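This report refers to the structure that appears directly beneath it.
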Amino acid sequence: VGIQRGIAIPSPNTSTSVKEKYDQLLISRRSKYRTGTRFTRRGVDGNGAVANYAETEQICFILRDDGDSDSSDLKEVYSHVQTRGSIPLHWSSPADVKAYR
């Protein structure tokens, strides 16, 4: 989990006193099934769990700041999810790293 707070957004209109800021939240989750290095775990198991599956979500909260440091109103929320993992096929490769020479 990573958090950044109070990042200023440059405004094209500088005559207004209302500024915008954003808070960013980054969350990563790894599956507890089929973990391992990419050379020793590959493919999918009988239950459909792929090797080295991970999901990362980035959430941005756009805040309207009226100048008072204690108050800011939530204006918009954006979210992006990215997933990764091994190819979902039943396959494997040699576990001996010397085979790749």
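None of these values were measured; they are calculated from a predicted model.
- Judged purely by atom type and a 3.5 angstrom limit, Asp45 uses its side chain to pair as donor or acceptor with the backbone of Asn47.
- Tyr78 and Leu26 fall into different hydrophobic clusters, where Ile, Leu, Val, Met, Phe, Trp and Tyr residues are linked whenever their side-chain heavy atoms come under 4.5 Å apart, directly or through other members.
- Under the 4.5 Å side-chain criterion, counting only non-hydrogen atoms from C-beta, Val81 is not in contact with Thr56.
- Hydrophobic clustering (side-chain heavy atoms under 4.5 Å, transitive across Ile, Leu, Val, Met, Phe, Trp, Tyr) keeps Tyr22 apart from Leu25.
- Arg5 CZ: 12 or fewer foreign heavy atoms inside a 6.0 Å radius.
- Ile3 and Ile9 fall into different hydrophobic clusters, defined by Ile, Leu, Val, Met, Phe, Trp and Tyr side-chain heavy atoms under 4.5 Å apart, directly or through other members.
- Across all their heavy atoms, Ile59 and Ser79 have their closest contact at CG1-OG, 4.1 Å.
- Glu57 has its side chain within reach of Arg29: a pair of non-hydrogen atoms, C-beta onward, lies under 4.5 Å apart.
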From CA spacing to verdict: side-chain contact (heavy atoms from CB on, under 4.5 Å), Arg30, Asn52: CA-CA 7 Å; Arg30 283 193 67 179; Asn52 297 310; 3.5 Å; yes

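- Of the inter-residue distances, the one linking Asp73 atom CG with Arg64 atom CZ reads 7.5 Å to the nearest 0.5 angstrom.
- With values rounded to the nearest 0.5 angstrom, Cys60 atom SG is found 11.0 Å from Glu76 atom CD.
- A pairwise comparison of heavy atoms in Gly43 and Ser86 identifies N-OG, 2.8 Å as the closest pair.
- Asp23 places a side-chain N or O within donor-acceptor distance of the main-chain N or O of Gly6, the cut-off being under 3.5 Å.
- Transitive grouping of hydrophobic side chains (ILVMFWY, heavy atoms separated by less than 4.5 Å) keeps Leu74 and Ile7 in distinct clusters.
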